[in-house]
2 protein chains.
Amino acid sequence: MNPDQERAWRAFLRITVAVQAGTARDLAAIGLSEPDYEVLSTLSERPGHTSTLGEQADKMGWSRSRLSRHATRMAARGLLKRTPDPNDGRGCFLVLTAQGLTALEDAAPAHVESVRRHFIDRLTPADLTAIEQIARRLEEPQASEDRPAT
Amino acid sequence: MNPDQERAWRAFLRITVAVQAGTARDLAAIGLSEPDYEVLSTLSERPGHTSTLGEQADKMGWSRSRLSRHATRMAARGLLKRTPDPNDGRGCFLVLTAQGLTALEDAAPAHVESVRRHFIDRLTPADLTAIEQIARRLEEPQASEDRPAT
DNA sequence: GCTAGCTTGATTACATGTCAACTAAACCCT
DNA sequence: AGGGTTTAGTTGACATGTAATCAAGCTAGC
């Protein structure tokens, strides 16, 4: 790795730490963690504020186990609840409670403001475009991908 | 937040997850975690492979508590050891052991290769420059910074 | 209809982090 | 010296994440 590349990598590491510390701190001030917020916001986007655990986990890129645990904690705080799936005795739905929706609605503007302050406003439109492009490149499947060849 | 900004933010979140999952997995295959590797590599860069805990924590951007705990775990695995600081009875030095150095030397090429594969090689030189620039912008202190005004 | 095997969540054991309280040593000011 | 204040590092209580395993429900082929 040459010096430019080394610097870029270190810069990348610093970026993630700095930005996420900033937004996480702001969310914590409202009583939500970053993952809490992700669950609330993605759940709120679905019809009936509901989704099966598995589907939700897939959509969020989380393991079922992780979401199950997190949902339990959030349910204990009254942010969402589980209901049985009538079509599948094994399954369950996660449903946003009124309290969860309220929490999200309270948090959303502050979180948006936080993202803006720690991220958006510090960058130029060109930077933002560059980030999207970088994400696209990083997500392209590679020949040397480390999954078993299909 | 307008749609472009929203997309950029989501892209940013995806980038961090994807890249770090990749490199962490590769390191885990050698028996080190990402934090293990950071400790080993930053410690190896210092004279005598040694640093006080606090200095090291500051250099890494970690809390003392975090480094103290992590050092205990790594010491239990023989990767480093603590020695008392002769100049300051409160302090201690973290010292890389021969085994820790070996572990690092074994891991380094694989990790570099991993960073290359998951990050560097997927991006253009312009992307890498952009990342450095973005890091610089994000690190600029802001008027609206959330620390107490000096 | 029955059974083998897959799927879906829940649970357990463990790794890792945070925060705040604590201990001890060093500092500093009189 | 003596006493309050800082600083270094550790630790307990707890939050959160992963991986392995478990139990129950579903489904396809017989």
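Chain letters run A, B, ... following the sequence lines, proteins first, then strands; residues in each count from 1.
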Calculate the interatomic distance between [X] atom [atom1] and [N] atom [atom2]; express it in whole Å.
{"X": "B:Leu94", "N": "D:dG9", "atom1": "CG", "atom2": "P", "result": "8 Å"}
{"X": "B:Leu32", "N": "C:dA15", "atom1": "CG", "atom2": "C1'", "result": "15 Å"}
{"X": "B:Leu67", "N": "D:dA8", "atom1": "CG", "atom2": "C1'", "result": "12 Å"}
{"X": "A:Arg66", "N": "D:dT16", "atom1": "CZ", "atom2": "C1'", "result": "8 Å"}
{"X": "A:Arg73", "N": "D:dC14", "atom1": "CZ", "atom2": "C1'", "result": "11 Å"}
{"X": "B:Arg25", "N": "D:dA19", "atom1": "CZ", "atom2": "C1'", "result": "15 Å"}

Exercise for review: Would you please classify the geometry between the A:Trp9 ring and the B:Phe119 ring as parallel, tilted or perpendicular, with 30° and 60° separating the classes?
Suggested key: perpendicular
**Study point:** Mutual orientation of the aromatic rings belonging to A:Tyr37 and A:His111 [parallel < 30°, tilted 30-60°, perpendicular > 60°]
**Key:**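 The rings of A:Tyr37 and A:His111 sit tilted, inter-plane angle from 30° to 60°.
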Exercise for review: Can you check each nucleotide of nucleotides 2-12 of chain C against protein heavy atoms at under 4.0 Å and return B for base, S for sugar-phosphate only, - for none, in 5' to 3' order?
Suggested key: -----BSSSBB
Point to revise | Residue among A:Leu80, A:Leu43, A:Leu96 satisfying side-chain contact (heavy atoms from CB on, under 4.5 Å) with A:Met74 | key: A:Leu80
**Study point:** Residue whose nearest DNA chain D nucleotide is more 5′ - A:Trp62 or A:Asn87
**Key:**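 Its nearest nucleotide being more 5', the pick is A:Trp62.
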Check your understanding: Listed by chain and number, what are the side-chain hydrogen bond (donor to acceptor under 3.5 Å, both in side chains) partners of B:Asp4, not counting sequence neighbours?
Key -> B:Arg7
Check your understanding: Who are the side-chain hydrogen bond (donor to acceptor under 3.5 Å, both in side chains) partners of B:Thr102, not counting sequence neighbours?
Key -> none
Exercise for review: Report yes if at least one side-chain N or O of B:His70 is closer than 4.0 Å to OP1 or OP2 of C:dT16; otherwise report no.
Suggested key: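 Checking B:His70 against C:dT16: no side-chain N or O falls below 4.0 Å of OP1 or OP2.
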**Study point:** Lys/Arg N to Asp/Glu carboxylate O, B:Glu55 vs B:Lys59, below 4.0 Å
**Key:**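 Not counted as a salt bridge, because no side-chain N and carboxylate O are separated by less than 4.0 Å.
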